[in-house]
Amino acid sequence: MKKIVLVLFTLLLFVQCASVKKNNKHLNDLIAEDKLKSDADFTYKKLRDLHPNLYWYISKNHLDYKFDSLKSTITKPMTRFEFYKKISPVVAAVRQGHITVYAPVKLMTKKQTKALLKRGTGPFSQFDFELIDEKLYVVKNKSYDKTINIGTEVVAVNGTKPLNLIQEYNKLYSSDGYNTTFKTHFSGKRFSSFFTNENGIKDSLQFDFKFKDSTRTITIRRKAEDSTGKHLKKIQKKRVAVDKTKAKAHRRKKRINGYYSIEKKYNRNLHFLEKDSSVAVMKIRSFKIGDSKTFYKESFSKIAAYQSQTLILDLRDNGGGRLNEVADLYSYLADSTFVFLDKSEVVSKSSLFKGAYFHGGSFGVKVLKTILSPLMYSYLALTVHENKDGKNYYATQTKPRKVSRNTFKGKVYVLINGGSFSASSIISSNLKGSKRAFFVGEETGGAYNGTIAGFMPRIKLPNTDLKIRIGLMFIAPHFKTAPEGRGIFPDMEIIPSLEDRIKENDPEMNWTLNDAKSAISVSSKTK
């Protein structure tokens, strides 16, 4: 058995290395016009075959015209990267944030990636950036040069002006519908990715910084990990008796809350702001990693035991994740039996089977999927039904559901911004529609009336090898709103300023806490 596993591992490693080598070797090859046009046709066909609501935000005639126009502009051979920049704006015209054309980049093997990480933190990773009033600013400095202040403007990087690159790349992807907060929020954070797409990974970058009226040029190099005293620390660790109980509790918290080791942050957190625990704050960075079911069960049990009157649910920068998790969370916030989602429209049973099931995964995973495919197809045959309207629907989170034990009955505030997307917008739609929560911040990046997501395979184009991710399910919350293609709007709009970032001030949280305290004070006086 061990020999078989070793052979499979060696085979997979060989396949991966060969794939990386092939990708890098042909990265800059010129591809003939007819093949590029063929990939454009292939892309549109896949969108029609797999996307359940392709013409939601754009008419068929308009999208037909865009693809025809794209092909008419292909008059000479192109590299994969040039074609990526041509086709991406056309795909983005569908106005669905989950649809993504991935930029063709130089790949690395696991061995090369490990070697790069050993060399230390790259120059971009030493800063957090944010776009404010169409200027890129440093909002967190993790570099070795502590003279770079928070609020320093990035005028240029290796001669590239950030806004020029951001404006170019903003045409290559979309938010859900017509909102602008998604791009405004993410474009600053994605600047480093845009730059790397154009220039590759760099060990050093020349930044032109401007702080107040002073401009200077600083070269930031890859920062090696500080190994000073490491050996001594290891010796000391061996001498110190390990508190097994604390270590076990720490491991459990990481497993349940979810833990991002690079950022050294928990995915989910619960804490109390007042001494009397009257205000509970639940920060959820994503609905992905960790044991969410246990976290919510234990958290709301604690909130009930502490008799908290107010819950602040912080969904800022939450890009989404698992539908079953947001439905579970909603069961602790709803005031009565609820239906979380409408039935999810899909193109067909085969769109889920062929479009999602066999895409992705290693060689071994694909072999296992093939063996289990009859079971999966039978499952889809039972769960996908054709409705009276002639459309196919996949039912998930559509049955009436009772509220959970220890459901929270106090006042709920939800903090949102342009980074609140996908599943975080779905739960926000239901909380807003049921009038269960008061929203603070800015319009969400995800649309109120739903999104195209669920299963999201990456489809490879046959000639250019570009990959495009396509959502296969039209996921719609139970509640809807009239302005189509917009996000959840806050009841109290608060958008942080540059001054807030410099002073490390959190205006949304501060306003919410003050409002909650006032409400608690009034409530206590009337009793």
Side-chain angles (χ1 to χ4, degrees), residues 120-170 180-196 199 202 204-223 226 260 262-265 281 283 285 314-319 415-420 440-443 445 490 492-514:
T121 307
F124 270 133
S125 298
Q126 295 173 43
F127 301 99
D128 287 348
F129 303 110
E130 193 169 333
L131 191 70
I132 302 173
D133 296 329
E134 297 198 326
K135 291 181 180 179
L136 190 69
Y137 292 96
V138 173
V139 293
K140 190 171 184 180
N141 178 10
K142 299 169 280 187
S143 75
Y144 48 77
D145 191 334
K146 300 306 176 187
T147 66
I148 302 165
N149 298 301
I150 304 303
T152 295
E153 181 188 350
V154 182
V155 178
V157 180
N158 283 11
T160 298
K161 293 182 178 179
L163 187 60
N164 292 345
L165 194 59
I166 286 170
Q167 287 176 337
E168 179 185 359
Y169 269 80
N170 275 355
T180 58
T181 59
F182 180 80
K183 287 188 179 182
T184 301
H185 192 82
F186 276 111
S187 55
K189 302 179 192 311
R190 291 181 174 182
F191 168 72
S192 57
S193 298
F194 301 158
F195 184 94
T196 304
N199 304 283
K202 301 292 182 184
S204 68
L205 293 171
Q206 190 178 77
F207 287 85
D208 291 337
F209 287 126
K210 183 179 180 182
F211 186 71
K212 295 181 179 179
D213 294 325
S214 175
T215 303
R216 56 184 179 145
T217 300
I218 299 176
T219 298
I220 300 295
R221 294 179 173 80
R222 188 172 292 277
K223 183 174 70 172
D226 183 12
Y260 295 108
I262 295 176
E263 298 176 5
K264 293 181 171 56
K265 289 181 179 178
V281 177
K283 171 65 180 175
R285 290 184 166 81
D314 190 350
L315 297 182
R316 290 174 296 178
D317 299 316
N318 184 318
L415 306 188
I416 52 173
N417 62 12
S420 306
V440 181
E442 68 174 347
E443 180 187 358
M492 171 57 67
E493 184 179 58
I494 300 174
I495 300 173
S497 65
L498 177 61
E499 193 66 22
D500 288 321
R501 293 296 185 243
I502 292 172
K503 293 181 178 179
E504 298 185 346
N505 179 43
D506 188 341
E508 303 105 302
M509 184 64 77
N510 292 343
W511 184 93
T512 305
L513 181 57
N514 288 333

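A quick note: this is a predicted structure, and the numbers were derived from the prediction, not measured. Reckoned from all heavy atoms, side chains included, excluding hydrogens, waters and symmetry mates.
Sorted by first and then second residue, the side-chain hydrogen bond (donor to acceptor under 3.5 Å, both in side chains) pairs with a member in residues 181-196 read H185-D317; sequence neighbours excluded. Every pair passing salt bridge (charged side-chain N to carboxylate O under 4.0 Å, His left out) that includes a residue from residues 143-168 is listed here, sequence neighbours excluded: K85-E168.
Using modelled atom types, one side-chain atom of Y144 and one backbone atom of R221 make a donor-acceptor pair closer than 3.5 Å. Without hydrogens or angle criteria, E134 side chain to L163 main chain gives no donor-acceptor distance under 3.5 Å. Here the side chain of K223 pairs no donor or acceptor atom with the backbone of S125 at under 3.5 angstrom. Using modelled atom types, one side-chain atom of N417 and one backbone atom of G419 make a donor-acceptor pair closer than 3.5 Å. For S420 (side chain) and L315 (main-chain N/O), a donor-acceptor pair under 3.5 Å exists by modelled atom type. The backbone N or O of G418 lies less than 3.5 Å from a partner atom in the side chain of E442, making a donor-acceptor pair.
From N318, atom CG reaches atom NZ of K283 across 7.0 Å, with rounding to the nearest 0.5 Å. Here the CG-OG1 distance, from D208 to T217, works out to 4.0 Å after rounding to the nearest 0.5 Å. Rounding to the nearest 0.5 Å places CG of D506 at 7.5 Å from CG of D314. Atom CZ of R501 is separated from atom NZ of K140 by 12.0 Å, given to the nearest 0.5 angstrom. In this structure, the separation between CZ on F194 and CG on N164 is 13.5 Å, given to the nearest 0.5 Å. The CD1 atom of I494 sits 8.5 Å away from atom CG of N510, with the distance rounded to the nearest 0.5 Å.
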Carefully, step by step, assess F127 and N141 under the rule side-chain contact (heavy atoms from CB on, under 4.5 Å). CA-CA 5 Å; F127 301 99; N141 178 10; 3.4 Å; yes
Start with the C-alpha distance between L498 and K135, add both sets of side-chain angles, then the distance that settles side-chain contact (heavy atoms from CB on, under 4.5 Å), and finish with yes or no. CA-CA 10 Å; L498 177 61; K135 291 181 180 179; over 6 Å; no
Apply side-chain hydrogen bond (donor to acceptor under 3.5 Å, both in side chains) to residues N158 and T160 and explain how you reach the verdict. CA-CA 6 Å; N158 283 11; T160 298; over 6 Å; no
Checking I148 against I220 for the side-chain contact (heavy atoms from CB on, under 4.5 Å) test, could you report, in this order, the C-alpha distance in whole Å, the side-chain angles of both residues, the deciding distance, and whether it holds? CA-CA 11 Å; I148 302 165; I220 300 295; 4.0 Å; yes
Candidate pair V154 and F209, rule side-chain contact (heavy atoms from CB on, under 4.5 Å), full reasoning: CA-CA 5 Å; V154 182; F209 287 126; 3.9 Å; yes
Kindly indicate, with the supporting measurements, whether the criterion side-chain hydrogen bond (donor to acceptor under 3.5 Å, both in side chains) is fulfilled by D500 and S497. CA-CA 5 Å; D500 288 321; S497 65; 3.1 Å; yes
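Using a 4.5 Å cut-off on side-chain heavy atoms (C-beta onward), F129 and V139 make no contact. Residues V440 and R316 are not in side-chain contact: their nearest non-hydrogen atoms beyond the backbone lie 4.5 Å or more apart. At a threshold of 4.5 Å between non-hydrogen side-chain atoms, the residues R216 and T147 count as touching.
Residue S204 comes nearest to T219 through the heavy atom pair CB-CG2, 4.2 Å, listed as atom of the first residue, atom of the second, then distance. In terms of heavy-atom proximity, G441 sits nearest to P490 at O-CG, 3.3 Å. Heavy-atom minimum distance, V157 versus F191: CG2-CE2, 3.8 Å.
Within a 6.0 Å radius of CG in D133, other residues, nucleotides and ligands contribute 12 heavy atoms or fewer. Within 6.0 Å of the NZ atom in K212, the count of heavy atoms belonging to other residues, nucleotides or ligands does not exceed 12.
A search for salt bridge (Lys or Arg N to Asp or Glu O under 4.0 Å) contacts involving E493 returns nothing, not counting sequence neighbours.
Using cut-offs of 30° and 60° for the angle between ring planes, the F207 and F124 rings count as perpendicular.
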